*Asks:* 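Take a look at this one; I'll ask things after.
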Protein chains: 2
Amino acid sequence: MEKDVCATSCVNRSRVERVINAFPEETLLYGATEIFKMLADPNRLRLLHALSQEEMCVCDLAALVEVSDSAVSHQLRLLRTARLVKCRRAGKMVYYRLDDQHVENLLQEGLRHAEEG
Amino acid sequence: MEKDVCATSCVNRSRVERVINAFPEETLLYGATEIFKMLADPNRLRLLHALSQEEMCVCDLAALVEVSDSAVSHQLRLLRTARLVKCRRAGKMVYYRLDDQHVENLLQEGLRHAEEG
DNA sequence: ACGATACATGAATAATTGTTCAGACGTTCA
DNA sequence: TGAACGTCTGAACAATTATTCATGTATCGT
């Protein structure tokens with residue numbers, strides 16, 4: 001002799017709905033996810049940390065994190081398409097820098113959080 | 001007739017050294033990486049966003065992101081070991097909440113950054 | 001004590017992400 | 001123009017991460 005159609009189980013429907021309604025827009029959410037993905041790798045963090053100090057070319061960056069030029073180039077492409085870094089060509093070289101101040105904030109905030117563990 | 005021992009290539013040694021010396025400690029860097037990894041998934045972002053508003057039990061959270069209890073439980077374990085969430089048992093249920101304010105800051109900062117893309 | 005409910009876990013599989021390797025492109029300099 | 005250098009790219013392979021499924025543990029109501 002059940003009272004309601006749905007098996008109510010333990011789920012608090014109204015709570016769930018309330019929280020779902022407060023969700024950020026999908027595009028925002030996926031945007032943030034992509035940014036965090038970019039920050040979720042130690043070498044990319046090193047690259048970004050380096051670039052927060054000075055502009056550098058690809059082979060400097062490769063030397064920095066001790067991987068092949070190719071590997072760095074792949075990583076830089078990811079960072080570029082995620083709009084975390086920008087680049088300019090100067091002769092044979094390509095110099096990278098952070099796209100904006102925001103990136104550095106996130107990076108610092110993450111490191112600060114890690115400090116407290 | 002080479003001047004120096006190392007093939008200098010294009011690498012700016014002094015620049016690279018300077019930047020390497022400024023690197024954050026390894027433990028910090030890896031700590032930050034782990035945190036960002038946790039944030040690098042849309043469902044985990046949803047979970048954290050929800051928990052930034054109210055404490056919730058596992059089956060609420062599963063309903064929220066529309067995956068199995070088991071899958072959510074696995075994700076919650078990751079968040080727990082990364083110290084992003086805490087939990088308390090109340091009878092049969094286990095209620096989760098954010099571990100501290102910091103997490104919410106990071107989340108908000110990420111969403112804000114995504115807004116500008 | 002028993003069955004039912006809420007949650008957790010390990011192992012296998014599926015999906016995603018990173019690296020390497022071979023080669024292409026663009027620029028410089030002879 | 002062509003050889004050398006710095007960088008980029010695609011495809012194959014390696015490594016990491018997420019989900020499922022089956023089963024385990026804790027608590028409650030009877």
Side-chain angles (χ1 to χ4, degrees), chain A residues 2 6-13 15-16 30 33-48 51 55-82 85-97, chain B residues 2 6-13 15-16 30 33-47 51 55-82 84-97:
Chain A
E2 59 274 37
C6 308
T8 38
S9 77
C10 74
V11 177
N12 182 330
R13 295 268 168 212
R15 174 157 59 194
V16 170
Y30 282 88
T33 302
E34 288 311 306
I35 291 164
F36 286 130
K37 260 185 206 160
M38 289 305 103
L39 296 167
D41 173 274
N43 271 347
R44 282 196 299 265
L45 281 189
R46 280 189 258 259
L47 293 174
L48 292 170
L51 294 174
E55 189 178 62
M56 295 178 90
C57 66
V58 176
C59 66
D60 282 350
L61 293 166
L64 201 67
V65 297
E66 298 180 292
V67 306
S68 69
D69 289 2
S70 177
V72 160
S73 192
H74 278 295
Q75 302 284 19
L76 289 170
R77 187 155 68 91
L78 294 177
L79 293 173
R80 232 185 312 125
T81 62
V85 303
K86 277 181 173 151
C87 61
R88 73 182 171 83
R89 177 175 279 276
K92 284 188 266 187
M93 268 103 118
V94 176
Y95 285 93
Y96 281 80
R97 63 185 184 291
Chain B
E2 60 275 35
C6 309
T8 38
S9 76
C10 73
V11 177
N12 182 331
R13 295 269 167 210
R15 174 158 56 194
V16 169
Y30 283 88
T33 302
E34 288 312 306
I35 291 165
F36 287 130
K37 260 185 205 159
M38 290 303 105
L39 297 166
D41 174 273
N43 271 346
R44 282 196 299 264
L45 280 190
R46 281 189 257 259
L47 294 173
L51 294 174
E55 190 179 62
M56 297 178 89
C57 67
V58 176
C59 66
D60 282 350
L61 293 166
L64 200 71
V65 298
E66 298 181 292
V67 307
S68 69
D69 289 2
S70 176
V72 161
S73 192
H74 278 296
Q75 302 284 17
L76 289 171
R77 188 156 68 92
L78 292 177
L79 293 172
R80 231 183 315 125
T81 62
L84 298 186
V85 303
K86 275 181 173 151
C87 60
R88 72 182 173 87
R89 176 176 281 274
K92 283 188 266 187
M93 271 109 111
V94 176
Y95 286 93
Y96 280 80
R97 63 187 184 290

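Since the structure is predicted, the reported quantities are computational estimates derived from the model, not experimental observations. All chains are named by letter (A, B, ...) in the order of the sequence lines, taking the proteins before the strands, and each is independently numbered beginning at 1. For the numbers below, each heavy atom of this structure counts, side chains included, while hydrogens, waters and symmetry mates do not.
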*Asks:* Tell me: CZ of B/Arg80 to C1' of C/dA8, nearest whole Å?
*Replies:* 8 Å
*Asks:* May I ask you to verify if any side-chain N or O of A/Lys92 is less than 4.0 angstrom from the OP1 or OP2 atom of C/dG26?
*Replies:*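 Looking at the OP1 and OP2 atoms of C/dG26, neither is under 4.0 Å from any side-chain N or O of A/Lys92.
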*Asks:* If you only use heavy atoms from C-beta on, which nucleotide in C/dA8, D/dT20, C/dG18 is closest to the side chain of A/Asp41?
*Replies:*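 That would be C/dG18.
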*Asks:* Could you state the CZ-C1' distance from B/Arg88 to C/dA6, rounded to the nearest angstrom?
*Replies:*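 In whole Å, C/dA6 C1' and B/Arg88 CZ are 15 Å from each other.
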*Asks:* What is the distance from CG of A/Asp60 to P of D/dG6, rounded to the nearest Å?
*Replies:* 11 Å
*Asks:* Indicate yes or no for a side-chain donor-acceptor contact from B/Arg88 to the backbone of B/Arg97 under 3.5 Å, with no hydrogens or angles considered.
*Replies:*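 Checking the backbone N and O of B/Arg97 against the side chain of B/Arg88, no donor-acceptor pair under 3.5 Å is found.
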*Asks:* Does D/dT19 have OP1 or OP2 under 4.0 Å away from a side-chain N or O of B/Gln75?
*Replies:* yes
*Asks:* Taking only side-chain N and O atoms of B/Arg44, does any of them lie within less than 4.0 angstrom of OP1 or OP2 on D/dA18?
*Replies:*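 Checking D/dA18 against B/Arg44, a side-chain N or O does come within under 4.0 Å of OP1 or OP2.
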*Asks:* Can you tell me if the side-chain N/O atoms of B/Tyr96 get under 4.0 Å from OP1 or OP2 in C/dA6?
*Replies:* no
*Asks:* Let me spell it out: for each of B/Leu78 and B/Ser70, pick the nucleotide of DNA chain D with the closest heavy atom. Which residue's pick is nearer the 5' end?
*Replies:*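 This one resolves to B/Leu78.
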*Asks:* Taking for each residue the nucleotide of DNA chain C bearing the nearest heavy atom, is the 5' side occupied by A/Arg89 or by A/Met38?
*Replies:*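 Taking each residue's closest nucleotide, the earlier one in sequence belongs to A/Met38.
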*Asks:* So A/Leu76, base contact, sugar-phosphate only, or nothing? Heavy-atom distance under 4.0 Å.
*Replies:* nothing
*Asks:* Could you tell me how far apart A/Asn12 (CG) and C/dT5 (P) are, to the nearest whole angstrom?
*Replies:* 18 Å
*Asks:* Between C/dT20, C/dA8, D/dC8, which one does the side chain of B/Ser73 approach most closely?
*Replies:* C/dA8
*Asks:* Whole-Å distance between D/dC8 P and A/Leu79 CG?
*Replies:* 12 Å
*Asks:* Check every strand shown and say whether A/Asp69 touches a base, only sugar-phosphate, or nothing at a heavy-atom separation below 4.0 Å.
*Replies:*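 Result for A/Asp69 = base.
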*Asks:* As an exercise, state the distance from CG of A/Leu45 to CE of A/Met38, rounded to the nearest 0.5 Å.
*Replies:* 11.5 Å
*Asks:* Ignoring hydrogens, what is the shortest heavy-atom contact between A/Leu39 and B/Phe36? Give both atom names and the distance.
*Replies:* O-CD1, 3.4 Å
*Asks:* Starting at atom CG of A/Asn43, determine the distance to atom P of C/dT20, rounded to an integer number of angstrom.
*Replies:*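 Distance, rounded to whole Å: 10 Å.
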*Asks:* Judged by atom type as modelled, is there a donor-acceptor pair below 3.5 Å linking the side chain of A/Arg89 to the main-chain atoms of A/Gly91?
*Replies:* yes
*Asks:* I'd like to check, for A/His74, whether its ring lies over the base of D/dT9 with centroids under 5.5 Å apart and a plane angle smaller than 30°.
*Replies:* yes
*Asks:* Rounded to whole angstrom units, what separation is found between the OH atom of B/Tyr95 and the P atom of D/dA26?
*Replies:* 20 Å
*Asks:* Below 4.0 angstrom from OP1 or OP2 of D/dC8, is there any side-chain N or O of A/Arg77?
*Replies:*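 Negative; the distance criterion is not met.
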*Asks:* Can you measure A/Leu39 atom CG to C/dT17 atom C1' for me and round it to whole angstrom units?
*Replies:* 16 Å
*Asks:* If you take all heavy atoms of B/Met56 and A/Arg15, which pair is closest and at what distance?
*Replies:* CE-CG, 3.7 Å
